[in-house]
Structure formats: C-alpha cells, structure tokens
Number of protein chains: 2
Amino acid sequence: MTYSAAEQAKPDRYEEILSAAAECFRQQGFAATSIDTVARYLGSTKGRIYHYFPSKMDLFNVVRDRGMELAFEGVMPGYETKGDPVERLALMAHGHVLTMIQCHAFMQVLLDGLRMRRYGATTDFQRQALERHLEQRNEFERMFRDVIQEGIEAGQFREGAVSFVVQSFLVTVNGPVFWYVEREGDDLTKFQRIADEVVGFAMGGLGVQWTAEMTRKIKQNTGVSK
Amino acid sequence: MTYSAAEQAKPDRYEEILSAAAECFRQQGFAATSIDTVARYLGSTKGRIYHYFPSKMDLFNVVRDRGMELAFEGVMPGYETKGDPVERLALMAHGHVLTMIQCHAFMQVLLDGLRMRRYGATTDFQRQALERHLEQRNEFERMFRDVIQEGIEAGQFREGAVSFVVQSFLVTVNGPVFWYVEREGDDLTKFQRIADEVVGFAMGGLGVQWTAEMTRKIKQNTGVSK
DNA sequence: GTTGACAACATACTCGGTAGTATGTTTGCC
DNA sequence: GGCAAACATACTACCGAGTATGTTGTCAAC
C-alpha cells in the first residue's frame, strides 16, 4: 500500500483537500490545525476528509511527500545537466527558488516535517513513511552537496568547511519560504527576478560572481525551461 | 504592568521555567507543547508554572521577548561601532550567529512567534505584547537594512534589489537556527569557526571577500569582545 | 423505471488530552 | 504560632481526533 494508490484513484476532489490542508498547515502548523479547520476551509465537514484520509497524520504525510516531490522536480533539470558544476548549481538553485515561491504552502509544510520526528508516528506505516521522507531529505541535500563539493575541489568556489558552506547555501535558496509573501500582481516575471537575486546572493556566498544573464544563457544552451 | 516586573522579583526559579519552556517550545512548537509537558520537563507540576505565569500564552510571550532581547544584545556591539559599513555588518553578523548557536532554544522560539499572528491573542495585554514584538522584529531588520543600504550606496557591495538582498542576508545568518545541532564537545572555539564560515558566506553574497582574520582584526581595534 | 449497491459525503457521538481553576500542603520567616 | 510564598493535587470544562451511522446522488442490472 502506498499513499499514491488512493491518490491516483480520485484526482480532483482529493487534490482539493491536499491544497487546503497545505494552506492550513502552512498558516498554523500541524499541531494547531484541526481536521475541522481544514474542512471549514473547504466549506465541508470532516466526513469528507476522513473519507479520503485515515487520519490527520496520514493527511500531513501526503502533503509533505507532495512537497518533497515538487522540490525534486524543481532541482532535477539543473542537476542532470552535463557540464560545469558552477552552471549546474546555479540552475539547481534557480529552479529551487522558483519552486519555493510558486509552491509556497507545500514548501513551508516541509519545514514542520522535521519536528514531526519527536511527534507520534503511531502506526508502522507512518513510521516507514517518516523514515522514507528523512532519506529523501538527505538525498536532496546530497545533490547540492555533491555539486558544491565538486566545485570546491575544482577550485571554482571559495574554500571553506564544506558542511557549513552547504548548509548556508541551502538556507539561502530556501529563504523565500520564510520571507516571501504572496502579493496581488505577482507573475512569473516577478518570480524570475526574485530567483535571479537569490541565486546571485547564494553563488556570491561561494565566491562566484553570478548574474541573471548568465542564468538565461545556460538555459538557452541546455534547453532547461523551468 | 510589564512581564519584567514579575521577572525581576524572582530570579532563579523563574528563570528555570523560562529555559525549560524555551526548550520544550523549540522541540515541539507552541501548540504541541502542553503546560504539563514543561512541568514534567522540570520535574514539577503545573502548579509551579501557573504560580509565575497567568497562562500558556503569557509564558510563551516572555520566552519570545527574552529571545528578542538576546538577539539585540548579539548585534548591538557591531551596530554601534563607528566606521565602515562593511566592517560593521560583518561584526553584526558574527555576533548574531554566535547568539543563534549559543541561545539556540530561545532563537528557535522566535520563529514560531510569527505564526502566532493568526493565533489567539486573547487579552488586551497579549495583543499589545504581540504588537510590540512585531515592532521589535522590524527594528531588528531595519538595523541590518540600514547598514547594507549604506554599503550599497557607497559602492562597497554588489548591486541588487535591496529588499531581496537584505532578506537573503538575514536568512543566511539566521541559518544556524535551522541546521546547527548541539554536539558534545562543542565549545566557543567551535562556535567561532562556524560564525566565521557563515559570515564569510553572507558577506560573499554581498560581493565582498571576507575572512576570519578580518573579523579578528576589527574586534581587536574596536574592542568588541563578544 | 425500479431497485439495489456503492461512492461521497454530512451528522451525531465518544473519549482522551489539555488549559485553566480551586483547593490543599509544606516550608521558611517574622 | 501565624502568615504567606511556593508549590502539589484534584477538579472542571472544552476542544479536537477518530468513529459510527445517516443521507443523497449516481450508475448498473434486470
């Protein structure tokens, strides 16, 4: 059994609940969000939610896993590009920032996910889901670590204690999750501008000068669209 | 009436509760932490806590305000230094990172503080406390913003959209709150190393090369000890 | 076109946990 | 010996997770 089994069966109504839950979890956190809160947000009652999800924790797990999926999707195109670590990293960062902004709710839920370690993972299935998620987190970090490490060894980045540098880089590109607030007329152009700025800062932290034009150029060459 | 009134009256036992609460709030967040949890952590019962604090929310407010105080203390020495914006900023950042690591629990609670906006600030007094806190947060950000702005205008930093740059800088120096985990033999030397690394990254994000030796040197000259 | 079955919910209820209170109990101090 | 601070204990009231059961619409089979 996987969560995705039920997920595939009922696309639309199921998806509505997911988004609503993500938004509620984002605003108040897991503990402070009641099932009734999510239901009210949907204009329904808990009956609807429990029809699709066996428990609050399971609902959260699906939201969290979805967030992780989205995060990977944002980074993968850059990661799989062949060539310079500097360019690959910049592409990864750029894609990630866009994901952070556009999937704001799901991404914020990912933060709470860590705290859940202490929390009750009551069933075996939930324990496994948590375990799997932590592995995915590591996997995600590892992708950035690898590329950064490679760049340092090639002498393309400023030297420094790798682990702290990686953490600083990650926290910078994760940054918009904390400080970006959705505004009315925000469109893709605005998102790109933010991403350019953040990527410029993050690459600068590694000792590399990086401009928005450089991002555009690689995207052209590699055919990365996102 | 202020929180600090009761605070000054009973120093030691009061302070114990604060630290315990900070640690519990850090681990599980505000909503998931019960008063009984804090009491158990202290080896006591809720009677003790309610003897000092009228409600859970008030307890949280004191912890949060304390965290804010500590944050200001870490940054002030650098901020009040006369001279180059670059050097001032580096000192501020360095002090802040040290605070982040050494007062880990209180700092993490500051994060949850924002979420509390949605939450119930039930009494007038609590609403005022929240209001005051949000002002302090802005004040804190403004200190960094001012110095960074000054540096940009002086042409000492890479150009960029100020607000995004400031946010990226802040999130970087706040970083250790997320990724630093306390380990056995960690002492001040280790903390300094981390701070040096993070400051190097953050300053790099602004387009400035910055080394640990430069931090040492200014501290010598300005007499900043922390 | 009627019936039966099932999905997709809503409603009504249970029960454990938690904030807050009211009431002891001990200890030090005057 | 009395009084108050500093708690512990006992209790209430409520909220929220999970469950059990009711209701409605739809679709298929006969």
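Chain identifiers are assigned alphabetically (A, B, ...) following the order of the sequence lines, protein sequences preceding nucleic acid strands; residue numbering begins at 1 within each chain. What's counted below: heavy atoms across the whole structure, side chains too, no hydrogens, waters or symmetry copies.
Residues Pro176(B) and Met100(B) share a closest heavy-atom pair of CB-CB, 4.3 Å.
No donor-acceptor contact under 3.5 angstrom links the side chains of Gln108(A) and Gln27(A), judged on distance only.
A centroid separation of less than 6.0 Å is found between the aromatic rings of Tyr14(A) and Phe53(A).
The separation between Phe53(B) atom CZ and dA6(D) atom P is 13 Å, rounded to whole Å. Atoms CG (Asp12(B)) and P (dA5(D)) sit 16 Å apart, rounded to a whole Å.
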Base versus backbone protein contacts along nucleotides 9-27 of chain C [heavy-atom cut-off under 4.0 Å; B, S, -]: BBB------SBBB------
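Salt-bridge annotation for Asp124(A) and Arg127(A): present, with a side-chain N of the basic residue lying under 4.0 Å from a carboxylate O of the acidic one.
Note on ring orientation: taking the six-membered ring where Trp is involved, the planes of His96(B) and Phe140(B) are tilted (angle from 30° to 60°).
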